[in-house]
Amino acid sequence: MNHWLMKTEPTTFGVDDLARAPKRTTMWDGVRNYQARNMLRDEFARGDRALLYHSSCEVPGVVATMRVVRAGYADPTAFDRRHRHYDEGSDPANPRWYAVDVQLERRLRRVITLTELRAHATRELSKLLLLQKGSRLSVMPVSEAHFDFILALE
DNA sequence: GCCAACGTTGGC
DNA sequence: GCCAACGTTGGC
């Protein structure tokens, strides 16, 4: 089983939206980065666990855990002309972009803030991709040890 | 293949 | 709003 960290801007779609969604499940669409696409397409599997991370907000940090309930499939928003993530270069016969479905597992009792994660950046979390200089991936792998360590901070 | 210009991300 | 860092685009 893989572990992941998935970023979202709460003003666009945050943990509150996920909690209200039918079956607390949503399609994770709109990823338009090839490295992230490869992970969604090739590595995400049903049953994988993920940390939900709020970015570009007052208190960036991990706010919930999620479960991958559907592995990678062609991102339908890429085929929708009216959608802001439309990409005329994505051919349904050979999709360029991929989505997965995720379900809210548990909202954390409090936000594990980026500041707090950084406090461990020289030791336990030194390899955490999120903390690497220039890291901007919206979807990234997290080792099981890091995953557990972060949740233990709660 | 190089690289400048541009757009995006995301913390602050 | 600022700005560093990165990805993409396109001219050459």
Side-chain angles (χ1 to χ4, degrees), chain A residues 2-21 26-44 48-66 68 72-102 104-143 145-154:
Chain A
N2 303 309
H3 295 75
W4 306 99
L5 182 145
M6 303 171 81
K7 292 183 191 171
T8 186
E9 300 186 11
T11 53
T12 304
F13 186 93
V15 66
D16 292 340
D17 300 292
L18 184 55
R20 281 192 298 264
T26 192
M27 173 172 69
W28 202 269
D29 60 12
V31 173
R32 295 294 180 267
N33 168 281
Y34 287 104
Q35 206 179 334
R37 185 280 309 272
N38 292 346
M39 291 187 264
L40 292 174
R41 185 189 59 191
D42 306 330
E43 296 177 44
F44 270 67
D48 286 356
R49 300 185 71 194
L51 300 171
L52 180 60
Y53 178 90
H54 279 177
S55 65
S56 294
C57 58
E58 199 168 334
V59 185
V62 176
V63 295
T65 61
M66 305 187 294
V68 176
Y73 57 98
D75 181 347
T77 66
F79 308 133
D80 180 355
R81 272 183 189 287
R82 295 174 311 281
H83 202 282
R84 60 183 284 263
H85 294 307
Y86 174 66
D87 178 5
E88 64 177 354
S90 187
D91 173 4
N94 183 23
R96 177 179 290 174
W97 305 116
Y98 281 73
V100 297
D101 288 354
V102 288
L104 177 63
E105 186 173 65
R106 183 172 75 81
R107 188 197 287 264
L108 302 191
R109 293 187 291 277
R110 63 182 192 82
V111 181
I112 312 279
T113 67
L114 177 60
T115 305
E116 214 172 332
L117 297 178
R118 286 227 173 94
H120 301 277
T122 58
R123 291 180 53 89
E124 295 91 342
L125 300 180
S126 64
K127 300 286 173 52
L128 186 69
L129 284 177
L130 180 74
L131 301 180
Q132 305 309 304
K133 185 181 167 85
S135 164
R136 293 188 321 181
L137 278 174
S138 65
V139 160
M140 66 186 80
V142 175
S143 72
H146 284 158
F147 191 96
D148 293 341
F149 180 83
I150 291 168
L151 290 182
L153 295 174
E154 184 182 9

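Sequence lines set the chain letters: A, B, ... in the order given, protein chains first and strands last, and positions in each chain run from 1.
Closest to the side chain of A:Arg136, from the set B:dG7, C:dT8, B:dG11, is B:dG7. In the set B:dG11, C:dG7, C:dT8, C:dG7 carries the atom at the smallest distance from any side-chain atom of A:Gln35. Comparing C:dA5, C:dT8, B:dG11 by their closest approach to the side chain of A:Ser55 singles out B:dG11.
Straight-line distance from the CG atom of A:Leu129 to the P atom of B:dG10: 13 Å, rounded to whole Å. Computed from coordinates, the A:Leu5 CG to B:dG10 P distance equals 11 Å when rounded to whole Å. Look at CG on A:Leu114: it is 6 Å from P on B:dC12, rounded to the nearest Å. Summarising the geometry, the separation between CG on A:Asn33 and P on B:dG7 is reported as 18 Å, rounded to the nearest angstrom. Distance CG (A:Leu131) to P (B:dG10): 14 Å, rounded to an integer number of Å. A:Met6 has its CE atom 18 Å from the C1' atom of B:dG10, to the nearest Å. Taking atom NZ of A:Lys133 as the reference point, atom P of C:dG7 lies 14 Å away to the nearest angstrom. If you take CD of A:Glu58 and C1' of B:dC12, they are 12 Å apart, rounded to a whole angstrom.
Of the side-chain N and O atoms in A:Tyr34, none sit less than 4.0 angstrom from OP1 or OP2 of C:dC6. In terms of phosphate contacts, A:Lys7 brings a side-chain nitrogen or oxygen within less than 4.0 Å of OP1 or OP2 of B:dG10.
Note on A:Asp75 versus A:Arg37: no salt bridge recorded, every NZ/NE/NH1/NH2 to OD/OE distance being 4.0 Å or above.
A side-chain contact (heavy atoms from CB on, under 4.5 Å) with A:Val62 is found for one member of A:Leu52, A:Leu130, A:Ile112 and no other, namely A:Ile112.
Residues A:Asp42 and A:Tyr98 have side chains that never bring a donor and an acceptor to within less than 3.5 angstrom of each other.
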(request) For A:Leu114 and A:Leu131, run side chain to side chain contact (heavy atoms under 4.5 Å, CB included): C-alpha distance rounded to whole Å, both residues' side-chain angles, the deciding distance at 0.1 Å, then the answer. (result) CA-CA 9 Å; A:Leu114 177 60; A:Leu131 301 180; 3.8 Å; yes

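In this structure, A:Tyr34 has its ring center closer than 6.0 angstrom to the ring center of A:Trp97.
When heavy atoms are screened at a 4.0 angstrom cut-off, A:Arg118 is found touching the sugar-phosphate backbone but no base atom.
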